[in-house]
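Here is the naming used below: chain letters follow the sequence lines, and residue numbers restart at 1 for every chain.
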Amino acid sequence: MAETYTIEELDAARAESQALTTRILELRDAYYGRDAAVASDEEYDGMMQRLELLERMFPELQSQDSPTQTVGGRAQTLFDPVQHVERMLSLDNVFSIDEFAAWAVKVERDSGRRVDYLCELKIDGLAINLRYEDGVLTTAATRGDGVVGEDVTENVRLIESIPQKLEGSGHPPIVEVRGEVFIPVEAFRELNAEQVALGDRVFANPRNAAAGSLRQKAEGKSVEKLAQMRSRLAKLRMLVHGIGAWDNPPVDSQSEVYGLLAGWGLPTSTYFQVKPTAEGAAEFIEYYGEHRDSVLHEIDGIVIKVDELALHGELGATSRAPRWAIAYKYPPEQVNTKLLDIVVSVGRTGRATPFAVMEPVRVAGSVVRQATLHNQDVVKLKGVLIGDTVVLRKAGDVIPEVLGPVVELRDGSEREFVMPEACPACGTTLAPAKEGDIDLRCPNARSCPAQVRGRVEHVGSRGALDIEVLGEVTAAALTQPLVPSTPPLVTEAGLFDLSIDDIVGIEVIVKDAETGLDRVDDDGSPRKRTPFQKVSTEYPPEAEGLDAAERRKRGYKKDFRVYSPSAQAEKLLVELELAKTKDLWRILVSLSIRHVGPVAARALAGYFGSLDAIRSASRDELASVEGVGGIIADAVLDWFELDWHQEIIERWSAAGVQFATPGHPGPGAAGAADGPLAGLTVVATGSLEGFTREGAQEAIIAAGGKSASSVSKKTDYVAAGPGAGSKLGKAEALGVRIIDAAQFALLVTGGPAAIGDAPVAAEPETPAEPSAEAATDDAADSPLNAE
DNA sequence: CACCCTCGAGTTCA
DNA sequence: CTCGAGGGTG
């Protein structure tokens, strides 16, 4: 697969990118420092492009020091240079547990004895060196090139967690303390919100925000700007994790050094652990790989240090990094890539949504090439231009999100996105559905190909008629085939009239899974596929009945092509037949009435029992149904007004679709649900053994309970299985009772009593007693030892 | 007039 | 699964 790569490929890419980086930095030095041109501009640009490409293919290789992340070389010389007393080294990186294990083997061999490993979180921030003379902070400097950094003392003094004076005693007369300045994730969000409010550009990530805040200049600023600068600096925090040269330290280990630093009043991380083996360190790495979000700052890796100080001297350092420490880098959750274009898509409701088309890039474990931009205002707010290098991440580890442009990397060729005036699918002029709406919609609901395709797909979706086979690809084939030129479906009205003959001839163009573009054969023609047709080879009919020897003698070959409906085609028709008698609420959902999803549809179907009853109901009667209000009532009534909607009902009815619940006594019959779960709200999340996602919901409803999709304080139970996500956390936070699959199975059959809870109160309105013991989750699985 | 909740859309993966 | 938008309810 193109999306994965081997360790060897990564090694090769790393070697190449390091060579490129060295060369580029040399050239920049030559260019900015002296005047001799050592390479042509083309060569330089070529190297930069190659490096950018490598970093996109192997995001692990991106680092804050990369030439692709900095403008024209060395830090702008706005700040005074400071020479570090002791050189500030960086750390070597490893990218896998195997590489880490290899490093550990080498360390233990070179040490000649067992080694304790100090594991700590690698904060994604800015390395800073604090110099205290006689216990008083005199200088704070960035790392710079390791020898000379920038003097940011004035700004650092405004960071609260950094003491101006060391507490206690026992500190050397001159001491350099190393640490990381960062902005907590929460403060980062606030800061960006403020930047937006002020009309300033937003920071792409917390590290940039920390660096940007620290590198502000007070001179020449207005009073307001100064206040703003102070408030930004106040958001910064620092954690220290090391100490410069110290000849006769009173302790033997790095972990004890942290104790000393803390004793001096310096902020040290509580998230460190000493592990007696490399395997233990690997466990620490894996634990935080899964809990990166649970810490207040961004983590881009783990730092593992040999704990014993005596070994630091014995192992020594290379020119750029110590041999007694290593940084394990997690696959990045944020990467840079090129924004190739912004394209507008139209969904089933006609909403026009711009989305970013990007150079494919690997982020948080998968390759991403598209991300939604929601609407034109969001595009503006994010400030991205077509052609920009953009910062991309996976929100909640799943949904790709463009955060913003890397403004420094613009070359002037970028252009602004302009929202098209016409629907990209049918050419109709886009317009807001009502005054003041930001979203633009294509008003051509009936025949806009994008909307028809979307609605047909929706009919088949799980929340509607749940028709197997009828997914995105099939919906497209039925509504926009390459051949025949008139699609079998002009609207969803004809869905249940489809016959085998209508669909076997359908040809579609094969899309490339990698690029999303049409696949082209060697001769340049698009590659076609006939999804509803099976082609097999047989002997010609006249050869039937001959035996094998005879056939061979007469020269018959098995090359007579036979076309027959594919399994897909037959399955589709069977599924459509099954769909005709599914529950009324599913039929309602499949009609694509605004605001009528599974929940509202269930309420309406339960109350009225038939589509006829719904159609002839008054607005007030509709709105009297629980969960339905005036807006939904209007949407329902408006839907019936359109002729082509009537046509859907007529043709579906004629084809045998059941628009009524058999045996339903008629409107108003809703009646309070009873059953073991009457009056209780249950949320199912994760995979519950013995239930499908749908099945769990059905079980809740069948038992008279309410199946909700999100956890709130009104939720009585959260049934959570493996893979449960944020809902579980929310349930814990709210103290909602959490049960497992086995308890859930008991609950839906026997009610709360079956799992030892008090039975439901008679009145459904009475909230169930919140069970306090549910909130006492144990933190025992955390490997944290401190505090 | 607050919440709290559902809807709808987009996205990727197994 | 998550987010924003906007509807429903107390």
Side-chain angles (χ1 to χ4, degrees), chain A residues 1 3-4 189 293 343-358 360-375 377-378 381 392-403 432-434 436-441 450-451 453-455 457-458 461-464 471-472 513-514 516 585 588-589 592-604 622-636 681 683-687 693 697 706-715 720 722-730 734 736 765 767:
Chain A
M1 268 198 295
E3 18 258 90
T4 57
R189 285 203 198 99
D293 299 335
V343 180
V344 173
S345 73
V346 173
R348 89 179 150 98
T349 62
R351 199 170 97 180
T353 311
F355 64 94
V357 179
M358 289 159 295
V361 67
R362 200 182 167 81
V363 51
S366 62
V367 172
V368 172
R369 65 195 99 245
Q370 285 185 3
T372 178
L373 292 168
H374 304 289
N375 58 49
D377 281 17
V378 172
L381 191 72
L392 179 74
R393 71 157 181 177
K394 290 259 202 83
D397 242 22
V398 183
I399 312 292
E401 180 188 9
V402 172
L403 289 170
K434 62 177 177 7
D437 267 12
I438 293 170
D439 290 342
L440 293 179
R441 308 191 104 92
Q451 294 185 59
R453 189 202 67 94
R455 287 198 306 268
E457 185 189 342
H458 174 66
S461 70
R462 229 177 320 175
E472 185 183 338
E514 295 255 317
W585 70 265
L588 280 176
V589 172
S592 282
I593 302 172
R594 281 275 257 159
H595 307 131
V596 179
V599 175
R602 273 197 168 100
L604 288 167
L622 286 167
S624 72
V625 176
E626 175 148 9
V628 178
I631 308 274
I632 293 182
D634 285 340
V636 171
T681 300
V683 174
T685 181
S687 49
R693 194 171 294 269
Q697 290 175 15
K706 194 169 172 232
S707 164
S709 58
S710 54
V711 178
S712 71
K713 65 181 181 203
K714 283 200 222 160
T715 310
S726 61
K727 284 175 201 170
L728 187 55
K730 191 152 182 210
L734 291 171
V736 174
E765 291 310 306

From [options], pick the nucleotide closest to the side chain of [X]?
| X | options | result |
| --- | --- | --- |
| A:I631 | C:dG7, B:dA9, B:dC7 | C:dG7 |
| A:I632 | C:dG7, B:dC7, B:dG10 | C:dG7 |
| A:P400 | C:dG7, B:dG8, B:dT11 | B:dT11 |
| A:T372 | B:dA9, B:dT12, B:dG10 | B:dG10 |

Toward the 5' end of DNA chain B, by each residue's nearest nucleotide, A:T349 or A:Q370: A:T349
Mind calculating the distance between [atom1] ([X]) and [atom2] ([N]) to the nearest angstrom?
| X | N | atom1 | atom2 | answer |
| --- | --- | --- | --- | --- |
| A:H458 | B:dC7 | NE2 | C1' | 11 Å |
| A:R594 | B:dA9 | CZ | C1' | 12 Å |
| A:W585 | B:dC7 | CH2 | C1' | 14 Å |
| A:H595 | C:dG7 | NE2 | C1' | 7 Å |
| A:D634 | C:dG8 | CG | P | 9 Å |
| A:R462 | C:dC1 | CZ | C1' | 13 Å |
| A:H374 | C:dA5 | NE2 | C1' | 12 Å |
| A:R369 | B:dT12 | CZ | C1' | 11 Å |

Residue pair A:L392 / A:E401, side-chain heavy-atom distance below 4.5 Å: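 Side chain of A:L392 against side chain of A:E401, heavy atoms only: no contact under 4.5 Å found.
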Listed partners of A:S592 passing side chain to side chain donor-acceptor pair (under 3.5 Å), at least two apart: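 Partners of A:S592 under the side chain to side chain donor-acceptor pair (under 3.5 Å) test: A:R348.
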For A:E457, all residues meeting side chain to side chain donor-acceptor pair (under 3.5 Å), sequence neighbours excluded: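 Testing A:E457 for side chain to side chain donor-acceptor pair (under 3.5 Å), a comparison that skips the adjacent residues, returns A:R453.
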Modelled atom types, side-chain donor and acceptor of A:R594 and A:T349, under 3.5 Å: no
